[in-house]
Amino acid sequence: MISAEHLLNNAIKTALNAVYNLQIEEISLQKTRKEFEGDFTLVTFAYTRDTRKKPEEIGEALGAYLLANTPEIVKYNVVKGFLNISLSDAFWMLFFNSVRSSAQFGLKPSDSSGKTIMLEYSSPNTNKPLHLGHIRNNLLGASVAAILQANGHKVIKANLVNDRGIHICKSMLAWQRFGNGETPQSSGLKGDHLVGKYYVAFDKAYKEEQAQLIASGMSKEDAEKSAPVMLACQELLRQWEAGNPEVVQLWRTMNGWVYDGFGVTYKELGVSFDKMYYESNTYLLGKELVQEGLAKSVFYKKENGSVAIDLSAEGLDEKIVLRSDGTSVYITQDLGTAIERFKEFPELNQLIYTVGNEQDYHFKVLFSILQKLGYSWASECYHLSYGMVELPDGKMKSREGTVVDADDLIKEMYETAFLKCRDSEKLKHLNEAEIKELSKMVGMAALKYFILKVDPKKKMLFDPNESVDFDGNTGPFIQYSYARTRSVLDKAGMALDRNVSITLHPTEKELLTTLYSFPSVIEESGHLYNPAIIANHLYDVSKLFNRFWHDCPILKEENEDVKLFRLQLVNLCGTVIANGMRLLGIEVPSRM
RNA sequence: GGUCCCAUAGCUCAACUGGAUAGAGCAACGGUUUUCUAAACCGUAGGUCGCAGGUUCGAGUCCUGCUGGGACUACCA
């Protein structure tokens with residue numbers, strides 16, 4: 001069937017032509033605000049210049065023409081420069097009947113018209129456990145991947161693990177010195193937490209040595225450079241790079257602990273990856289590229305032998321891409337891995353990096369260099385930049401211990417949800433295992449929705465002293481709405497596959513028109529890489545559904561057609577909520 | 001010093017990308033259950049959209065300046 005927007009677009013174009021002899025390409029329509037009567041609104045201010053008429057006059061003239069010539073339009077009203085147009089219930093019923101039994105409503109199957117997109121997210125360091133900032137990264141990446149798939153694209157979810165470097169050696173060194181052979185098994189600690197403990201231990205020892213050196217008259221800078229543990233740590237990194245078997249073995253063992261730990265957290269968060277990359281394999285990439293760049297005169301050699309690029313024309317600075325000793329810097333390997341990925345997947349159309357906005361500058365530089373090197377796909381690289389999660393007293397800092405640990409937070413969410421489920425009268429008939437399963441679903445929904453409902457670009461605040469809500473604009477509220485849909489449909493126990501056409505109650509109409517826009521909401525959220533748009537829409541749907549529940553009796557309704565329609569409407573609400581929540585990575589329960 | 005981001009109700013967030021009287025939730029106060037799930041619904045109260053200009057039919061949204069906060073600006077990763 002033809003969409004409402006398309007129908008109105010054509011009708012309004014024709015009307016403008018007929019009444020004012022105007023040819024307009026783009027008509028901008030918006031949903032009518034709920035204080036006014038109507039479904040869609042045309043802003044007529046835009047045409048005052050061309051027609052030399054007053055906005056009210058244009059509204060009246062267009063409205064009258066549309067009413068006379070478009071059967072689907074049954075009413076209009078003009079308020080100042082706004083022409084509010086109402087479509088017939090018959091039109092809405094036609095739309096409703098065309099989608100009401102589609103379980104895939106709003107989701108596009110992946111087909112040849114879709115792109116192939118690699119989306120990188122998570123990308124943890126293997127020296128400490130995950131915290132709330134990583135949770136935002138993981139939830140955002142997983143959700144955007146699902147949303148892009150729902151828009152018909154093929155998505156390769158990639159995780160580039162930062163598994164080598166000086167920071168990893170810090171944990172290793174501290175474990176060698178203070179560990180006494182401690183393992184996850186012997187300590188009962190989750191692997192990533194055990195390794196994190198030694199990362200902190202290193203920092204403590206390092207700080208103590210610095211303090212001693214400063215006390216003996218050394219400058220702060222020199223103390224940082226010459227503290228024995230730091231020197232030992234750098235030696236450990238050299239040994240690793242030289243392939244010293246003992247060091248490599250320790251590195252393997254400790255990273256293994258961390259992967260086991262991360263695996264547990266990833267599972268709780270419900271995130272997964274199609275492709276794992278490890279920096280230990282990729283950190284040397286990009287060196288040949290430097291030669292290529294020199295040959296193309298994109299890079300230049302400085303007097304001291306280092307290689308750089310001048311980006312001052314783009315408002316960026318000079319950037320070193322190779323040190324004077326011939327070793328690469330971080331951006332060198334980023335350049336290398338990007339190129340490697342397009343080689344590995346020739347069908348790749350787009351490469352998305354889910355990384356915090358503190359690296360905005362880095363990605364500007366990276367993409368700019370790729371562009372200058374002449375890679376045509378450089379313009380298809382995108383930095384999915386998100387804001388930091390802040391605590392009431394500022395940013396989280398691992399070293400200062402001001403972090404909200406991911407595992408602790410998840411556990412806390414489960415516990416809060418468990419108490420709520422256990423105390424609920426409605427859930428008395430469930431056994432312990434069922435309550436636990438439901439608590440996990442609800443607790444995780446509260447956490448995920450809390451994170452994803454905020455525009456990714458914006459920084460967000462988390463107060464550890466205030467628990468995440470379960471009432472109001474929350475994940476559990478939307479889950480509850482879904483459980484209500486299941487409950488009434490189960491009780492009704494009747495077949496829904498008959499088309500009816502009824503006169504709509506205002507609440508039914510509002511709910512129906514909101515459900516109508518679900519597919520375009522998914523498109524928009526995909527276009528903007530923004531799950532919050534879906535989250536907010538699901539909240540609107542749920543809120544309206546609950547008002548409908550209150551205003552419109554379903555099983556008690558005596559008119560069979562109306563009753564059937566209401567059940568079908570409930571069913572479509574359930575579909576929209578379930579499909580939308582899946583895109584946020586949130587499961588929906590059939591009872592709660 | 002330079003570049004970029006942010007500032008909306010007591011708190012956490014919206015505002016369909018320039019449209020109508022800036023909306024929700026939490027917290028506060030009041031009401032709704034012999035009727036499909038009260039994790040719900042309805043109501044009251046709460047605003048100089050950081051400040052000052054500008055652009056135009058129209059600005060929370062765009063441009064300039066200012067104030068306040070943050071990030072980045074390594075031959076670190």
Side-chain angles (χ1 to χ4, degrees), chain A residues 28 30-36 41 43 45-46 48-49 54-55 79-82 84 125 162 164-168 279 283 302 304-308 315-317 319-325 327-331 333 356-362 364-365 385 387-388 390 392 394-395 417 420-421 424-427 442 446 450 453-455 457-463 466 469-474 476-481 483-484 486-492 517 520-521 524 528 532-533 536-537 539-540 542-543 545-547 549-557 566-567 570 591-592:
Chain A
S28 89
Q30 46 193 278
K31 272 193 89 172
T32 302
R33 295 186 65 133
K34 56 174 178 282
E35 313 87 271
F36 300 93
T41 296
V43 181
F45 285 114
T48 50
R49 188 159 294 157
K54 289 183 178 152
V79 182
K80 291 189 269 182
F82 302 91
N84 301 318
N125 289 340
N162 196 332
R164 65 158 286 281
I166 193 80
H167 51 295
I168 312 293
E279 267 190 29
Y283 79 105
K302 298 179 53 161
N304 61 13
S306 62
V307 179
L316 307 166
D317 295 323
K319 178 76 192 172
I320 299 283
V321 295
L322 200 69
R323 293 191 191 107
S324 49
D325 65 3
T327 57
S328 53
V329 292
Y330 193 75
I331 202 158
Q333 66 169 293
N357 64 11
E358 52 198 352
Q359 296 203 38
D360 283 356
Y361 181 81
H362 172 79
K364 266 188 205 166
V365 171
S385 166
M388 298 291 103
E390 290 180 5
K395 202 185 157 187
K420 278 185 173 286
C421 292
S424 164
E425 276 303 316
K426 289 170 292 186
L427 301 172
V442 174
F450 173 77
K453 76 168 176 184
V454 181
D455 184 335
K457 288 195 288 291
K458 297 195 176 178
K459 68 174 183 213
M460 60 180 293
L461 194 113
F462 177 81
D463 188 344
E466 282 179 38
D469 281 328
F470 284 69
D471 302 319
N473 187 358
T474 67
F477 167 67
I478 296 168
Q479 288 181 315
Y480 173 75
S481 308
R484 275 185 153 181
R486 296 314 318 164
S487 167
V488 71
L489 287 167
D490 288 347
K491 284 223 165 98
S517 58
S520 63
V521 164
E524 194 193 352
L528 299 174
I533 296 171
N536 289 320
H537 186 257
Y539 177 63
D540 288 344
S542 300
K543 197 146 174 51
F545 169 73
N546 282 295
R547 193 158 88 220
W549 179 278
H550 187 264
D551 292 354
C552 304
I554 300 166
L555 299 179
K556 293 217 153 166
E557 174 58 44
R566 287 184 179 164
L567 285 166
V570 168
R591 57 175 179 236
M592 72 182 272

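A note on names: the letters A, B, ... follow the listed sequences, proteins ahead of strands, and every chain is numbered from 1.
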Residue [X], side-chain atoms from C-beta onward, closest of [options]:
X: N536(A); options: A77(B), A14(B), A39(B); result: A14(B)
X: F82(A); options: G19(B), A38(B), A14(B); result: G19(B)
X: E279(A); options: A38(B), A77(B), C42(B); result: A77(B)
X: K459(A); options: U35(B), U17(B), C6(B); result: C6(B)
X: E390(A); options: G25(B), U37(B), G70(B); result: G70(B)
X: F36(A); options: C4(B), C26(B), A20(B); result: A20(B)
X: K458(A); options: C13(B), A20(B), A14(B); result: A14(B)
X: R323(A); options: C36(B), C76(B), U12(B); result: C76(B)
X: P476(A); options: C13(B), A39(B), A77(B); result: A39(B)
X: Y539(A); options: C13(B), U37(B), G25(B); result: G25(B)

[N] to [M] separation - [atom1] atoms, rounded to the nearest Å:
N: C41(B); M: A27(B); atom1: P; result: 13 Å
N: G69(B); M: A24(B); atom1: P; result: 33 Å
N: A40(B); M: U55(B); atom1: P; result: 48 Å
N: G31(B); M: A38(B); atom1: C1'; result: 13 Å
N: A15(B); M: G60(B); atom1: P; result: 15 Å

Verify stack between F45(A) ring and G19(B) base, 5.5 Å, 30 degrees: yes
Which is true for [X] with a 4.0 Å heavy-atom rule: it touches a base, it touches only sugar-phosphate, or it touches nothing?
X: V442(A); value: base
X: P55(A); value: nothing
X: D463(A); value: nothing
X: I554(A); value: base
X: V454(A); value: sugar-phosphate
X: S487(A); value: base
X: N162(A); value: sugar-phosphate
X: I331(A); value: nothing
X: K457(A); value: nothing
X: T41(A); value: base
X: M388(A); value: nothing

Interatomic distance, [X] [atom1] vs [N] [atom2] [rounded to whole Å]:
X: Q359(A); N: C76(B); atom1: CD; atom2: C1'; result: 12 Å
X: I478(A); N: G25(B); atom1: CD1; atom2: P; result: 13 Å
X: F477(A); N: C13(B); atom1: CZ; atom2: C1'; result: 16 Å
X: N546(A); N: C42(B); atom1: CG; atom2: P; result: 9 Å
X: K543(A); N: A39(B); atom1: NZ; atom2: P; result: 15 Å
X: K426(A); N: U33(B); atom1: NZ; atom2: P; result: 17 Å
X: N473(A); N: U12(B); atom1: CG; atom2: C1'; result: 10 Å
X: L316(A); N: G2(B); atom1: CG; atom2: C1'; result: 12 Å

Pairing partner of A59(B) (Watson-Crick or G-U wobble, both distances under 3.5 Å): none
G-U wobble or Watson-Crick pairing nucleotide for G43(B) (cut-off 3.5 Å, both distances): C29(B)
Where the chi angle of U73(B) falls, syn if within 90° of 0 and anti if not: anti
Within 45° cone of F545(A) ring axis and under 6.0 Å: R484(A) NZ or CZ: no
Steps toward side-chain contact (heavy atoms from CB on, under 4.5 Å) verdict (Y330(A), E279(A)): CA-CA 11 Å; Y330(A) 193 75; E279(A) 267 190 29; 3.4 Å; yes
Check: S481(A) side chain, A40(B) base, donor-acceptor under 3.5 Å: no
Donor-acceptor pair (no angle test) under 3.5 Å: N84(A) side chain, A20(B) base: yes
CA sep, side-chain torsions, deciding dist, call: N162(A), H167(A), side-chain contact (heavy atoms from CB on, under 4.5 Å): CA-CA 10 Å; N162(A) 196 332; H167(A) 51 295; 3.4 Å; yes
Does [X] have a side-chain nitrogen or oxygen under 4.0 Å from the phosphate oxygens OP1 or OP2 of [N]?
X: R33(A); N: A20(B); result: yes
X: R49(A); N: C57(B); result: yes
X: K80(A); N: U21(B); result: yes
X: Y361(A); N: C72(B); result: no
X: R566(A); N: C36(B); result: no

Within 6.0 Å of NZ in K31(A), more than 12 heavy atoms from elsewhere: yes
From CZ (F450(A)) to CG (D469(A)), nearest 0.5 Å: 8.5 Å
side-chain contact (heavy atoms from CB on, under 4.5 Å) between I331(A) and H362(A), intermediate numbers included: CA-CA 8 Å; I331(A) 202 158; H362(A) 172 79; 3.8 Å; yes
